Every structure is written in C-alpha cells, then in structure tokens.
Amino acid sequence: MTTDSSNALGTFLRDRRSRLDPAVFGFSGRRRTPGLRREEVAQRANISPTWYTWLEQGRGGAPSADVLNRIANGLMLTEPEREHLFILGLGRPPEVRYRAVEGISPRLQRLLDTLEASPALVRTAAWDIVAWNRAATVVMTDYGKLAPDDRNVLRLLFFNPDVRNIQHDWEAMARFVVGAFRADAARAGATSEVAELVDELCRSSAEFKRIWEENEVIAHGEGTKRLRHPDLGDIELEYSGFAIDGRPDLNMVVYNPVDPAVAERIRRLVAQRSGSVPA
C-alpha cells in the first residue's frame with residue numbers, strides 16, 4: 001500500500017477496495033485496475049458515490065460513524081481494520097459492540113491449564129464464567145458441574161450458599177462484584193444485554209436490589225481475595241485481571257496464593273481430586 005500522509009484515510013480505502021474480487025459480489029465487466037470500483041463500494045455501503053469519491057480524495061470533511069460503519073461492511077473489513085478505519089476517519093476507535101460469547105480458543109484454555117496452583121477463569125461482561133482451570137474448581141467452585149446459566153458470578157454469590165459461605169466478608173465482596181459488574185457491562189457496550197439479568201436479580205434478591213440501587217462503579221484490575229475454604233482453611237489470594245486482545249467483552253482473572261504453603265496445598269488438592277495422588 002502506498003503511503004500518503006496527507007490522505008491516509010483515502011489511501012486505506014483504495015487499498016482495501018483493490019483487494020476485493022468483483023465477481024464475488026456479482027459485479028462484472030472489464031477493468032483496468034483490480035478490485036471494486038468506487039461506485040460499487042458506494043452501492044454496497046448504501047451511500048452516495050460522490051461522497052465516497054470525496055472520502056478517497058480527502059475532500060468533504062470528516063465522515064460520520066454511521067458512514068464509516070457502512071463502508072466497513074461494504075469493504076468486508078475485519079474488526080482490526082474497522083477500528084483502523086475509525087481512527088483514520090474520526091481520530092478514535094469505534095464504539096464497542098457487544099458480542100455474545102460461546103467459548104474461548106483452545107490456546108487460551110491451554111494457558112489456563114498451565115497455572116497449576118493459581119485459580120484462573122475467563123468471564124464475560126455479564127460475569128458469566130466461560131472457562132476455568134482445575135485450580136479454580138477446587139478453590140472457587142466446580143463450574144463444570146453447574147448448568148451454563150448458573151455459571152454467573154452474581155447468581156453464585158447471591159444464591160449459592162457454598163460460594164457465599166466461603167467469602168471472608170460477604171457484604172464487602174458483594175458490593176465489589178456489583179460495582180465492578182456495572183463498570184464491565186458499560187465498558188463492553190452490554191448495558192442493554194444485562195438488563196434482563198439485573199431485573200431477575202432485583203426481583204429475587206433484596207440484597208442485590210439494595211446494592212444495585214446504590215449505583216457504585218468499581219475498578220477491579222487487581223487486589224486481594226480472602227476465603228474460608230472447607231479444605232484449605234483461611235487463605236489469601238492476590239488477583240490480577242487481564243484483557244483479552246480483540247475481545248473487550250472477555251476478561252481473564254488469575255488468583256495467586258500469597259503463601260507458598262497454600263500454593264502447595266492447592267496443588268495437592270488438585271492432584272487428589274484428579275486421582276493422581278491418594279487422598
């Protein structure tokens with residue numbers, strides 16, 4: 001792609017236009033240059049051919065977000081390409097678009113599984129647990145034995161007595177989770193998607209309704225979690241949250257035991273539960 005610092009947007013559009021096969025989109029006719037014509041991109045984007053031509057030529061001012069989204073669809077841009085288009089056209093990334101999650105990649109699951117003594121999990125913006133490792137099943141709860149709808153952190157915290165009872169300070173943990181959940185949903189553009197869950201929790205739990213109506217918003221990048229575990233005793237874990245590249249709707253959380261002796265007890269408990277060492 002040739003570089004034109006005075007019209008980077010136009011250069012990017014021309015390059016992506018030239019990469020598309022007209023026959024795939026039902027366009028025919030002899031062509032002097034590869035790719036779609038400007039009027040064909042405008043047709044696919046449902047915008048004026050003149051306006052699209054001006055964008056490639058660096059004329060007409062800044063396009064709207066709606067126009068850029070139409071062009072991104074017309075040019076079949078990937079998510080990274082769409083983000084780059086917005087940065088060139090508007091000087092900012094596009095608004096986050098929430099996507100429902102069905103699972104994670106095998107590569108990410110293998111990463112979780114390498115953490116033998118550190119419970120780790122992946123959750124959505126709605127705080128649904130979609131992946132976990134063996135350490136998480138023995139320290140937190142065995143998510144694999146739960147129905148998918150029950151693998152939600154808020155449902156577990158407010159309705160599962162086992163999860164509730166191991167919290168060192170349930171009230172503080174509940175306030176933290178609700179405030180962080182509110183922030184996550186808004187950041188991922190999922191406010192409308194979690195409305196049904198919030199309504200359900202407000203109807204079913206007076207405690208959740210009370211905390212939710214306080215409208216607290218909490219950041220949760222890292223911190224400390226204390227548990228009263230039935231097998232491990234009182235334990236303290238340091239946790240860190242990690243964004244998953246390209247997926248603003250997913251967050252990986254890793255819990256590291258503060259005490260090396262606790263880490264060894266977690267390893268042994270994992271081995272016992274898996275049957276590799278005698279209880």
Side-chain angles (χ1 to χ4, degrees), residues 78-80 82-84 87 92-144 146 148 151-157 163 166-168 172-191 193-194 197 216-227 229 235-260 262-263 266-267 270:
T78 64
E79 278 301 310
R82 175 174 170 267
E83 180 176 327
H84 188 64
I87 291 173
R92 62 167 178 80
E95 292 183 2
V96 176
R97 297 189 298 187
Y98 179 72
R99 291 184 290 167
V101 178
E102 295 182 357
I104 65 169
S105 68
R107 177 176 297 179
L108 184 54
Q109 182 63 60
R110 288 192 291 270
L111 173 62
L112 298 180
D113 292 338
T114 63
L115 304 172
E116 297 179 350
S118 298
L121 50 85
V122 176
R123 66 173 180 241
T124 70
W127 284 50
D128 292 321
I129 305 300
V130 295
W132 56 90
N133 63 2
R134 288 184 292 274
T137 66
V138 302
V139 175
M140 309 299 189
T141 192
D142 192 344
Y143 301 103
L146 302 175
R151 296 174 194 156
N152 178 274
V153 175
L154 287 96
R155 288 193 177 104
L156 288 168
L157 189 60
V163 173
I166 67 171
Q167 306 304 318
H168 187 269
M173 177 57 58
R175 289 179 177 278
F176 170 81
V177 167
V178 171
F181 163 78
R182 186 193 299 273
D184 271 0
R187 185 183 303 112
T191 303
E193 283 78 6
V194 303
L197 172 62
E216 292 293 336
V217 179
I218 299 174
H220 60 94
E222 57 184 25
T224 302
K225 184 179 184 68
R226 299 176 65 190
L227 297 174
H229 196 276
I235 61 174
E236 186 174 4
L237 306 167
E238 295 176 335
Y239 67 84
S240 298
F242 302 91
I244 296 176
D245 191 32
R247 296 301 304 271
D249 51 323
L250 292 180
N251 185 266
M252 180 173 70
V253 185
V254 179
Y255 298 85
N256 285 313
V258 174
D259 185 347
V262 173
I266 292 174
R267 287 191 187 93
V270 169

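Remember, it's a predicted structure, so these values are computed and weren't measured experimentally.
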Inset, instruction - Kindly indicate whether the side chain of K225, heavy atoms from C-beta on, has any atom under 4.5 Å from the side chain of M173. - result: yes
Inset, instruction - Please answer whether the main-chain N or O of Y143 pairs with a side-chain N or O of R151 as donor and acceptor at a distance below 3.5 Å. - result: yes
Inset, instruction - Determine whether L121 and N133 make a side-chain contact, defined as any pair of heavy atoms from C-beta on separated by less than 4.5 Å. - result: no
Legend entry - Stepwise side-chain contact (heavy atoms from CB on, under 4.5 Å) test for I266 and E116: CA-CA 8 Å; I266 292 174; E116 297 179 350; over 6 Å; no
Legend entry - Minimum side-chain heavy-atom gap L112-M252 below 4.5 Å: yes
Legend entry - Heavy-atom side-chain proximity of I235 to D259 below 4.5 angstrom: no
Legend entry - Side-chain heavy atoms of V178 within contact of L154, under 4.5 Å: yes
Legend entry - CZ/R92: more than 12 non-hydrogen atoms of other groups inside 6.0 Å: yes
Legend entry - H229 side chain to V138 backbone, donor-acceptor under 3.5 Å: yes
Legend entry - Side-chain donor or acceptor of Q167 paired with backbone N/O of R226 under 3.5 Å: no
Inset, instruction - Would you check if L237 and N256 make a side-chain contact, meaning some heavy-atom pair closer than 4.5 Å? - result: no
Legend entry - Other residues, nucleotides, ligands: >12 heavy atoms within 6.0 Å of R134 CZ: no
Legend entry - Sidechain-backbone polar pair: T114 side chain, L111 backbone, donor-acceptor under 3.5 Å: yes
Inset, instruction - Report yes if the side chains of M140 and L227 come closer than 4.5 Å at any heavy-atom pair, otherwise no. - result: yes
Legend entry - Any side-chain donor near an acceptor of the partner, D128 and N152, under 3.5 Å: yes
